[in-house]
Amino acid sequence: MRIRSSYKLGLVIRLMQLGELEKQVLQYLWETEVADAKQVYAYFEKRRGGSLSTIQSTLDRLFKKGLLKRDKQGHAFQYQAAIERDTFIGQLIKGLTSEFNADKGNSLLAAFTSVSPEFNEDQLERLEQLIEDQRDKNKLDGSV
């Protein structure tokens with residue numbers, strides 16, 4: 001059990017330590033959905049420069065981390081995100097908080113409230129709606 005817990009923490013730390021280009025490529029694929037290395041390169045060449053081999057290496061690292069899926073089409077791989085953005089962020093938060101969560105959820109709430117002053121009015125309204133939707137879902141599922 002201890003090894004599994006340490007493994008989960010290591011995975012969360014590795015995911016949180018994505019390089020800047022890795023984050024940008026992942027963001028691009030969340031928006032674009034599917035692209036090959038040349039398409040990703042063309043997008044980033046205009047914005048930040050770099051080489052095709054750098055993009056290919058970045059795509060491969062993200063694939064090996066389990067964040068991208070790829071499918072061979074002819075001579076090139078087509079890449080797409082292996083996980084949705086919201087799910088990815090949720091897993092990061094869940095994984096990190098579970099390692100330090102001695103008080104059954106209150107650490108998560110405390111951490112959340114420490115960043116919530118940065119939310120604008122639209123974000124707060126969206127959050128309220130998400131909470132209400134989750135309450136409704138819990139009632140339907142009998143989770144309450």
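Throughout, numbering of the chain's residues begins at 1 and tracks the sequence.
Residue pairs meeting the ring-ring contact (aromatic ring centres under 6.0 Å, His included) criterion with at least one partner in residues 45-70, sequence neighbours excluded, do not occur; the list is empty.
Heavy atoms of other residues, nucleotides or ligands lying less than 6.0 angstrom from CD of Q73 number more than 12. Counting non-hydrogen atoms of other residues, nucleotides and ligands closer than 6.0 Å to CD of Q129 gives a total above 12.
Grouping the Ile, Leu, Val, Met, Phe, Trp and Tyr side chains by contacts below 4.5 angstrom, directly or via other members, places L130 apart from F119. L59 and V34 fall into different hydrophobic clusters, where Ile, Leu, Val, Met, Phe, Trp and Tyr side chains are chained together by heavy-atom contacts under 4.5 Å.
Residues meeting the salt bridge (charged side-chain N to carboxylate O under 4.0 Å, His left out) test with R61, sequence neighbours left out: E22. Applying the side-chain hydrogen bond (donor to acceptor under 3.5 Å, both in side chains) rule to K72 yields no partners; only residues at least two apart in sequence or on another chain are considered.
To the nearest 0.5 Å, the span separating CZ on R135 from NZ on K139 amounts to 8.0 Å. Rounding to the nearest 0.5 Å places CD of E31 at 9.5 Å from CG of L29. In this structure, OG on S57 lies 11.0 Å from CG on L62, to the nearest 0.5 angstrom. To the nearest 0.5 angstrom, E45 atom CD is 12.5 Å from K38 atom NZ. Of the inter-residue distances, the one linking T58 atom OG1 with Q24 atom CD reads 9.5 Å to the nearest 0.5 angstrom. To the nearest 0.5 Å, atom CG of residue D71 and atom CD of residue Q80 are 8.0 Å apart.
Geometrically, R70 engages F77 in a cation-pi contact, judged by NZ or CZ lying under 6.0 Å from the ring centre and within 45° of the ring axis.
Between D122 and R126 there is no salt bridge, since no side-chain nitrogen of the basic residue lies less than 4.0 Å from a carboxylate oxygen of the acidic one.
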Original post:
Are I55 and F44 close enough, and set up right, to give a side chain to side chain contact (heavy atoms under 4.5 Å, CB included), and what steps lead you there?
Top reply: CA-CA 9 Å; I55 294 297; F44 284 104; 4.2 Å; yes

**OP:** Take Q27 and R85 through the test side chain to side chain contact (heavy atoms under 4.5 Å, CB included) and record every step on the way to the result.
**Re:** CA-CA 8 Å; Q27 179 74 25; R85 180 187 341 219; 2.6 Å; yes

Subject >> side chain to side chain contact (heavy atoms under 4.5 Å, CB included) between V40 and Q56, worked out >> reply: CA-CA 9 Å; V40 177; Q56 290 170 322; over 6 Å; no

Subject >> Step-by-step salt bridge (Lys or Arg N to Asp or Glu O under 4.0 Å) determination, D60 to K64 >> reply: CA-CA 6 Å; D60 189 56; K64 288 177 180 174; 3.0 Å; yes

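Counting all heavy atoms, side chain and backbone alike, A81 lies closest to K69 at O-CE, 3.8 Å. Across every non-hydrogen atom of G66 and A82, the tightest pair is O-CB, 3.5 Å. Taking every heavy atom of both residues into account, A35 and Y28 meet most closely at CB-CE2, 4.0 Å. I83 approaches W30 most closely through the heavy-atom pair O-NE1, 2.7 Å. Nearest approach of L26 to L68, heavy atoms of both residues: CD1-CD2, 3.9 Å.
D136 and Q134 form no side-chain donor-acceptor contact under 3.5 Å, judged by distance and modelled atom types alone. At a cut-off of 3.5 Å, with distance as the only test, a side-chain donor of T54 or S51 sits close to an acceptor on the other residue.
Looking only at side-chain heavy atoms (C-beta outward), E132 and K137 stay at 4.5 Å or farther from each other.
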